[in-house]
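Just so it is clear, the values below take in all heavy atoms, side chains as well, and ignore hydrogens, waters and symmetry mates.
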Amino acid sequence: MVYKGIQRERDPWFKYVALAAAGFMFYYSVKGGFITYAALAVVVVLAAFLKKEHIVSEEGVDIKYTLFGMTHVNRWEWSEITAIQADFKKKYPDVLLHICKDVSIRGFVFKPYEIEGIRELASRMNPNL
């Protein structure tokens with residue numbers, strides 16, 4: 001079973017504003033000779049088009065980044081995960097799920113009815129949790 005976390009969607013106007021701001025930054029940085037700010041303008045454009053997904057599956061816990069059709073997956077295997085804790089109050093009515101690996105913590109937001117399925121999947125994949 002695959003559980004996908006809830007991600008806040010960006011408003012469509014955000015991309016246009018980011019492109020305009022990056023164009024403005026790039027133009028004036030090149031005109032003024034500040035190449036560092038031109039690089040910052042490129043980063044603003046990339047950030048505007050980045051998409052992120054939180055996925056919990058039998059393979060592990062993933063954060064999937066997509067930028068212009070290229071995909072990068074940052075995965076934690078179930079054997080690496082040390083703890084899972086649900087916070088029912090922080091994101092009410094949804095649930096914030098804290099997933100820990102050593103000292104690192106990832107927070108994923110899920111619907112309340114998905115949490116029990118994720119807990120069962122986690123206990124089946126890593127009985128030490």
Looking only at atom types and distance, does a side-chain atom of [X] sit under 3.5 Å from a main-chain N or O of [Y], one as donor and one as acceptor?
{"X": "Ser29", "Y": "Ala38", "value": "yes"}
{"X": "Asp102", "Y": "Ser104", "value": "no"}
{"X": "Trp78", "Y": "Ser57", "value": "yes"}
{"X": "Arg10", "Y": "Ala48", "value": "yes"}
{"X": "Asn126", "Y": "Ile81", "value": "yes"}

* Could you label the plane-to-plane angle of the Phe108 and His54 rings as parallel, tilted or perpendicular, counting under 30° as parallel and over 60° as perpendicular? =>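 Parallel.
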
[X] with [Y], same ILVMFWY side-chain cluster at under 4.5 Å:
{"X": "Leu40", "Y": "Phe34", "result": "yes"}
{"X": "Leu121", "Y": "Tyr113", "result": "no"}
{"X": "Phe68", "Y": "Val42", "result": "yes"}
{"X": "Leu46", "Y": "Val44", "result": "no"}
{"X": "Phe24", "Y": "Tyr37", "result": "no"}

* Heavy atoms only: give me the nearest Ala22-Val45 pair and the separation to one decimal. =>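 Minimum heavy-atom separation between Ala22 and Val45: CB-CG2, 3.3 Å.
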
* To do: Starting from the C-alpha separation in whole Å, work towards a yes-or-no answer on side-chain contact (heavy atoms from CB on, under 4.5 Å) for Leu19 and Phe49.
  => CA-CA 10 Å; Leu19 282 175; Phe49 288 95; 3.9 Å; yes

* Atom OH of Tyr27 with >12 non-hydrogen neighbours under 6.0 angstrom -> no

* Does a sphere of radius 6.0 Å around CZ in Phe26 hold more than 12 heavy atoms from other residues, nucleotides or ligands, not counting ones at 6.0 Å or beyond? -> no

What's the spacing between [X] [atom1] and [Y] [atom2] if we round to 0.5 Å?
{"X": "Glu120", "Y": "Ile115", "atom1": "CD", "atom2": "CD1", "answer": "12.0 Å"}
{"X": "Ile105", "Y": "Ile99", "atom1": "CD1", "atom2": "CD1", "answer": "11.0 Å"}
{"X": "Leu97", "Y": "Arg119", "atom1": "CG", "atom2": "CZ", "answer": "8.0 Å"}
{"X": "Leu67", "Y": "Lys52", "atom1": "CG", "atom2": "NZ", "answer": "13.5 Å"}
{"X": "Leu50", "Y": "Met70", "atom1": "CG", "atom2": "CE", "answer": "10.5 Å"}

* Asked: Hey, which of Lys91, Lys89, Gln85 is the one that makes side chain to side chain contact (heavy atoms under 4.5 Å, CB included) with Leu96?
  -> Lys91

* Could you give me the CA-CA distance, side-chain angles and deciding distance for Lys64 and Ile55, then say whether side-chain contact (heavy atoms from CB on, under 4.5 Å) is met? => CA-CA 8 Å; Lys64 181 178 162 184; Ile55 302 169; 4.2 Å; yes

* Asked: salt bridge (Lys or Arg N to Asp or Glu O under 4.0 Å) with Glu80: which residues, sequence neighbours excluded?
  ->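 Checked Glu80 against salt bridge (Lys or Arg N to Asp or Glu O under 4.0 Å); matches are Lys101.
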
* To do: Show your reasoning for whether side-chain contact (heavy atoms from CB on, under 4.5 Å) applies to Asn74 and Arg106.
  => CA-CA 12 Å; Asn74 186 351; Arg106 288 183 176 168; 3.1 Å; yes

* Between Ile63 and Glu53, is a side-chain contact (heavy atoms from CB on, under 4.5 Å) present by the stated rule, with each step listed? -> CA-CA 6 Å; Ile63 297 180; Glu53 275 186 294; over 6 Å; no

* **Glu58 and Arg124, any side-chain heavy atoms less than 4.5 Å apart** =>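 Contact flag for Arg124/Glu58 side chains = yes.
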
